[in-house]
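Below is one structure, written out as structure tokens; comments come after it.
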Protein chains: 2
Amino acid sequence: MSQQDNHQAATGPRFKRRKDQRPEEIAEAALEVFAERGFAGARVSDVAERAGVSKGLMYLYYKTKQDLLKAVIRGFIEPRVRDVATAIDRWDGSAADFLRGPFLQTISQLATSRAVIIVRLMMAEGPKHPDLTKYYYDHVITVGLGAMSRLLDRAVDQGEFRPSGIHRFPQLLLAPVVMAAVWQTVFDRHQPLEVHDFLTAHIDTVVSAMTRPVGEGNEP
Amino acid sequence: MSQQDNHQAATGPRFKRRKDQRPEEIAEAALEVFAERGFAGARVSDVAERAGVSKGLMYLYYKTKQDLLKAVIRGFIEPRVRDVATAIDRWDGSAADFLRGPFLQTISQLATSRAVIIVRLMMAEGPKHPDLTKYYYDHVITVGLGAMSRLLDRAVDQGEFRPSGIHRFPQLLLAPVVMAAVWQTVFDRHQPLEVHDFLTAHIDTVVSAMTRPVGEGNEP
DNA sequence: TGTTGATGACTGACTGGTCATTTAGTAAAT
DNA sequence: ATTTACTAAATGACCAGTCAGTCATCAACA
């Protein structure tokens, strides 16, 4: 009974059919909404609205709200970690230079980008989804930590670094990145963190600790 | 119709009136349930059941579920941080000894206790409650970081440590604790972390980086 | 070039269930 | 007998997920 009468006399079509762009657009919108509200606090209808799409359509591309979460988490970090791993394996300068240069650069960007909310999402929802955390561990954590380990091993072999606890726990290299993510999520409005300086101080510390004092043997 | 007929013929009273113990008992139960399910995933009725209390009673002691969260977050870390701060200010040995001894001991316990879930709760719910994070920042973060700063300043004054980025960012001393909390919450089932070794490696690193190389002046 | 039928991308009102919170009443304690 | 800690059942808001129907698009035919 007359519902398409007046509300769009000269307007264009009510929607466009764009099967292939939709999933990405929706995931993008989801990242933003999740960042603002967290996963539990975000309504599917919010995400739909942000994506300029009806709620029903969401379920054509993502079977459940959780599936959407998985798409978001999988899509945003994985490529970057691969890039870092590749950069490490291609690097043939000193490890210290790598840490002070490309590595610092990368983690500094990472820690000031939207990617930080992945930490929030993983903390909030990870424990409920072992398959998701397993995937993340296998495809992000091991790739990243593995590459870091290779970098450090190489540096030790070449006498640049001395062996240290960091070789057993490459997580230590990334701990301040996680810290920065947590800080920004929770305290930034009360006390902003100067992330780049913070991470620079960190790199200075670990490089200083690992660098073999000159004239202590094992040089080539 | 007839539900209190047979199930407790000779039993004692159906409940006890214990106005003063209740709040603490409920907060304790809440910590456990929040740890298992997260805040959003925990039902008020779950907490009530764990505390051995009816759902309605919860609302006599805590006006809302959020209030309960605040009680939990405020109650569990604050005392410990105070303890550390006091220990620091009373210490009169070397800073390195403090970091390798009491400090390592404390953060190691902290990182393997139920307290780690505070990080999870703050990440999930903090952004929604500026008053809560403000309180936490003022009463936990500044107290802890302030004490650490004093320790480091003293060590520099006495020529034990050289000035470094860590003095500007004492957060770096705690970053691995946060990392350990995140790791255990998310990845522990896939790859357990040996927290004590991990934190020992961290302390070794920072002490090594900050310790003034012998014979470089400024000794007393 | 214009019409038309089929396809499936898309909409939005609706449903069913879950919970936080309220409230009317019960019984422990004094 | 009165007070009030406490219970249990009711209330109502909220929201993930569904589904019956709409309409943008395009191929095939005129």
Side-chain angles (χ1 to χ4, degrees), chain A residues 1-26 29-30 33-34 36-72 124-125 128-129, chain B residues 1-5 7-9 11-26 29-30 33-34 36-72 124-125 128-129:
Chain A
M1 35 299 255
S2 85
Q3 67 244 73
Q4 83 293 25
D5 33 23
N6 68 334
H7 63 293
Q8 45 144 325
T11 329
R14 202 147 53 86
F15 58 84
K16 284 280 177 54
R17 295 166 55 119
R18 292 183 299 150
K19 186 181 167 52
D20 3 333
Q21 290 95 306
R22 290 300 194 208
E24 204 181 350
E25 289 173 9
I26 292 173
V33 177
F34 290 169
E36 286 166 17
R37 310 263 250 261
F39 177 73
R43 270 158 273 167
V44 171
S45 60
D46 293 334
V47 177
E49 191 177 3
R50 179 84 53 117
V53 139
S54 75
K55 182 154 68 123
L57 189 63
M58 305 286 297
Y59 289 87
L60 193 62
Y61 294 111
Y62 299 99
K63 245 163 48 115
T64 66
K65 192 187 178 189
Q66 313 275 10
D67 278 358
L68 185 53
L69 174 69
K70 293 185 183 180
V72 168
E125 298 301 315
K128 253 186 280 189
H129 305 283
Chain B
M1 31 299 254
S2 87
Q3 66 245 73
Q4 84 294 25
D5 33 24
H7 62 294
Q8 47 142 331
T11 329
R14 202 144 55 82
F15 57 85
K16 283 278 177 56
R17 294 164 56 123
R18 294 183 299 151
K19 187 180 165 56
D20 357 333
Q21 290 96 307
R22 290 301 194 207
E24 204 181 350
E25 289 173 9
I26 292 173
V33 177
F34 290 168
E36 287 165 16
R37 310 262 248 261
F39 177 73
R43 271 158 273 168
V44 171
S45 61
D46 293 334
V47 178
E49 191 177 3
R50 179 82 53 115
V53 139
S54 75
K55 186 163 45 141
L57 188 63
M58 305 285 298
Y59 287 86
L60 193 63
Y61 294 110
Y62 298 99
K63 242 163 50 112
T64 67
K65 191 187 178 189
Q66 310 276 9
D67 278 358
L68 185 53
L69 173 70
K70 293 184 184 181
V72 169
E125 299 301 315
K128 254 186 281 189
H129 305 282

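Within every chain, numbering begins at 1; the chains are lettered A, B, ... in the order of the sequence lines, protein sequences first and strands thereafter. Note that these values count all heavy atoms, side chains included, but never hydrogens, waters or copies made by symmetry.
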Minimum-distance nucleotide (side-chain atoms of [X] versus [options]):
X       : options               : value
A:Ser54 : D:dC6, C:dA20, C:dT11 : C:dT11
A:Lys65 : D:dG17, D:dC6, C:dA20 : D:dG17
B:Leu60 : D:dA16, C:dT21, D:dA5 : D:dA5
B:Val44 : C:dC10, D:dA5, C:dA20 : C:dA20
B:Arg22 : D:dG17, D:dC6, C:dC10 : D:dC6
A:Arg43 : D:dC6, D:dA16, C:dT22 : D:dA16

Task: B:Leu57 CG - C:dA24 P separation (whole Å) - done: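 So the two atoms are 18 Å apart, to the nearest Å.
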Task: Integer-rounded Å distance: C:dA9 P and A:Ile26 CD1 - done: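 That distance rounds to 12 Å.
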Any base atoms under 4.0 Å from [X], or only sugar-phosphate, or nothing? Heavy atoms, all strands.
X       : value
B:Tyr61 : sugar-phosphate
B:Lys55 : base
A:Ala42 : sugar-phosphate

Open item on the list: With a 6.0 Å cut-off (strictly less than), is the heavy-atom count around CD of A:Gln66, excluding the residue itself, greater than 12?
Closed with: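 Yes, CD of A:Gln66 has more than 12 neighbouring heavy atoms, counting only those of other groups under 6.0 Å.
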TODO: Look at atom CD of B:Glu36 and say whether more than 12 heavy atoms of other residues, nucleotides or ligands are closer to it than 6.0 Å.
DONE: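 Correct, the count exceeds 12.
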TODO: Give the C-alpha distance, both sets of side-chain angles, the deciding distance and a yes or no for salt bridge (charged side-chain N to carboxylate O under 4.0 Å, His left out) between A:Lys65 and A:Glu125.
DONE: CA-CA 12 Å; A:Lys65 192 187 178 189; A:Glu125 298 301 315; over 6 Å; no
Task: Presence of A:Arg18 side-chain N/O under 4.0 Å of D:dT25 phosphate oxygens OP1/OP2 - done: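 For A:Arg18, the contact criterion (side-chain N or O under 4.0 Å from OP1 or OP2 of D:dT25) is not met.
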Task: Within-4.5 Å side-chain heavy-atom neighbours: B:Arg37 and B:Arg43 - done: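 Heavy-atom side-chain distance check passes, below 4.5 Å.
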